[in-house]
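This report refers to the structure that appears directly beneath it.
Start at 1 with the first residue, then count along the sequence. Predicted model, so just to flag it, every value in this text is computed and none were measured.
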Amino acid sequence: MSQPCEGCNCGRAEQAQVPTAGIGPRQLRSFTSPADSNPNSTEGIEPAIPLRSKKWFNDPSDLGLTVPELQPKNRPIIGIAQTGSDLSPCNKYHVELAKRVRDGIIAAGATPLEFPCHPIQETGKRPTASLDRNLSYLSLVEVLFGYPLDGVVLLTGCDKTTPALLMAAATVNIPAIAMNVGPMLNGYSGQKLIGSGGVVWESRAQLAAGEITEAEFLHHVALSAPRERGACAYATGLRIVQLVREDVKPSDIMTKAAFENAIACCATIGGSTNAPIHLNAIAKHVGVELNCDDWERVGYHLPLILNVQPAGQWLCEEYHRAGGLPAVIAELLEHEALPNPDALTVSGKSIGDNCRGELSQDRRVITPFDKPLMAEAGFLHLKGSLFDSGIMKTSVISPAFREQYLSNPDDPMAFEGPVAVFDGPEDYHHRIDQSPNISPGTILIMRGAGPVGYPGAAEVVNMIPPGELIKKGIELPCIGDGRQSGTSGSPSILNASPEAATGGMLGYLKDGDRVRIDLLKRTADVLLSPTEIEERKKSMGDYQYPKSQTPWQEIYRGSVSELSEGMVIKSAVKYQRLAQTQGIPRQNH
């Protein structure tokens, strides 16, 4: 009886009788498992430790690939975590870049497996994209731990996909490289250089002041978003295979020293107040102690040397052409201001060896360390009866704001005033131009915008004064328990923790209460006695916020920590270094 063709079940072979004398059985023909394939092949460089993927592929498996691609003991399986999609246009270029990453992986003697990640898009996802950071984290943890991957390339973009993927890589702790899609190219409105975020806030102010129409507002925004990453993608594919063979893991790279370097860089470039949230979260998942006090200790006294909006003039295309972050780090190294130059990077070299001598040739964009835009440009960490933790970005304090609020010779670097309280952005937009009590010196408060209250901690603390005050050139300070876009230039105190929804004092403020901010003492206080505060809490009860609209919103609200703690899933932090501590998952069949 003849042998059936592979995959055939028509029954004809069983019916056909053929002579068999002197003829052995024909071996099945297969392209997925050719006759000359050898599962014990020593193809490639011997890895430092046995590859975890072989615990899967030493048993029969079906991933649509061939035995030579999967089973040789020295051939790593590399995941490509793809964040680009039609729902995530900021990351969509990764759909093309992933092809070059694959080329690099194959050239290095490994097998790539690309897979999608949960989409996150700031301008599309409601109620806020940051709600999905922890959801994306959870799903990627399950992929990295539950599938036969020896290493992973994380294709990241915005400030939600980047921390989500790094948090997951930290939790599972297999070799990983994060490759960012990079910033948008410049946008222009006529001859004016405009960024995709800054134009929104500037045009909103013009709209509120009656200087432009609604149609002109939309036109300005559309003009702002009109990329040399292929070689970087290929090199990333090559290097991730080397990291697997050398067994260099996220826990070897993401050390306290590396986090301190990141804080220093963030301060020097005028980075976003979102950075403490996400870096504190990544640190928790890799087991590094990092808090908001570290952000002030390491970063506050460093100068601002990057002349990029909103704190400066240019955009990130000029930043890239001026040398990018390596040139900034080189400037810090030149003046012994990088905290830990010997910290290891994924290149296999220290951060100092990577960047030393890479000084910028464009001093319009990256200024000399000793000729900065601002002498002290890091974050201040404020505490007091108003909240336990709040972050203020000092690099965007304008001369006008400094003159109005921080220049009293009898009370320097401090201000106080009555508050106008808004319960979320809807309340703010409804009342900002109708509230008779908002005047120069009023402090705008946004509450109900935190991880639990919104939910997800939305970027809605970008409050501007009433139109009549804008026409007079008057700025108002803002305080909120939510986030603010890194492109906004307003002087705000953000990430207030605990938030109103979890019992924070912002939830008990009333219009007209007086608040005092003292930047020298690092304090933020409501000018009520302890007795008045307790009576206020008893009379007002718990802060009310909108009900959950989806299962994930309810799960998220029941599990999330405060912004000062990284907005992490509290029960997830105890799961660390899974590839080393949990072994291989149980069999699925």
Side-chain angles (χ1 to χ4, degrees), residues 81-98 115-140 154-168 178 180-185 187 194-204 207 214-215 217-227 272-274 277-278 281 315-316 424-426 428-429 446 448-451 453-462 482-488 546 548-557 560 567:
Q82 175 60 266
T83 58
S85 71
D86 289 345
L87 283 177
S88 301
C90 287
N91 295 23
K92 193 173 181 180
Y93 191 39
H94 275 316
V95 175
E96 292 301 316
L97 289 177
F115 57 88
C117 294
H118 180 84
I120 301 178
Q121 174 63 21
E122 186 65 59
T123 57
K125 167 68 181 186
R126 294 185 178 184
T128 176
S130 61
L131 175 69
D132 283 11
R133 186 202 69 177
N134 290 353
L135 185 58
S136 181
Y137 155 77
L138 284 177
S139 67
L140 184 56
L154 310 171
L155 300 180
T156 66
C158 71
D159 66 342
K160 265 67 69 178
T161 56
T162 302
L165 272 56
L166 286 173
M167 287 158 60
N180 197 274
V181 74
M184 286 185 179
L185 299 180
I194 52 174
S196 60
V199 67
V200 175
W201 317 130
E202 180 180 336
S203 298
R204 276 183 182 168
L207 182 64
E214 188 79 28
F217 168 76
L218 294 175
H219 180 66
H220 288 180
V221 173
L223 286 173
S224 69
R227 282 167 146 114
S272 170
T273 49
N274 287 300
I277 302 168
H278 297 312
L315 295 176
C316 284
E426 300 85 358
Y428 163 77
H429 289 297
M446 174 71 73
Y454 204 74
E459 289 187 346
V460 294
V461 192
N462 306 317
R483 300 180 302 112
Q484 181 167 297
S485 169
T487 57
S488 178
S548 296
Q549 298 171 303
T550 67
W552 171 238
Q553 289 185 17
E554 181 175 339
I555 293 168
Y556 177 91
R557 279 171 155 159
V560 71
M567 198 169 60

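Residue V181 comes nearest to C90 through the heavy atom pair CG1-O, 3.5 Å, listed as atom of the first residue, atom of the second, then distance. When all heavy atoms of N91 and L155 are compared, the pair lying nearest together is ND2-O, 4.5 Å. In this structure, H94 and T83 approach most closely via the heavy-atom pair CD2-OG1, 4.0 Å. Minimum interatomic distance between Y454 and P425 (heavy atoms only, all atoms of both residues): OH-CG, 3.5 Å. Scanning both residues, N462 and E459, for their nearest heavy atoms gives ND2-O, 3.4 Å. When all heavy atoms of L165 and A81 are compared, the closest pair comes out as CD2-CB, 4.2 Å.
Within the 4.5 Å cutoff, the side chain of M446 has heavy atoms near those of the Y428 side chain. Residues M167 and N134 form a side-chain contact, since some pair of their non-hydrogen atoms from C-beta on lies under 4.5 Å apart.
Under the rule for a side-chain hydrogen bond (donor to acceptor under 3.5 Å, both in side chains), the partners of S130 that lie at least two apart in sequence or sit in another chain are T128, R483.
With values rounded to the nearest 0.5 angstrom, N274 atom CG is found 11.5 Å from T162 atom OG1. Distance check: L154 CG to N180 CG gives 11.0 Å after rounding to the nearest 0.5 Å.
Using a 4.0 Å cut-off between a side-chain N of Lys or Arg and a carboxylate O of Asp or Glu, D132 and K160 do not qualify as a salt bridge. A salt bridge does not link E122 with R133: none of the charged nitrogens is closer than 4.0 Å to a carboxylate oxygen.
Without hydrogens or angle criteria, S548 side chain to T550 main chain gives no donor-acceptor distance under 3.5 Å. In this structure a side-chain-to-backbone donor-acceptor pair under 3.5 Å is missing from Q553 to P455.
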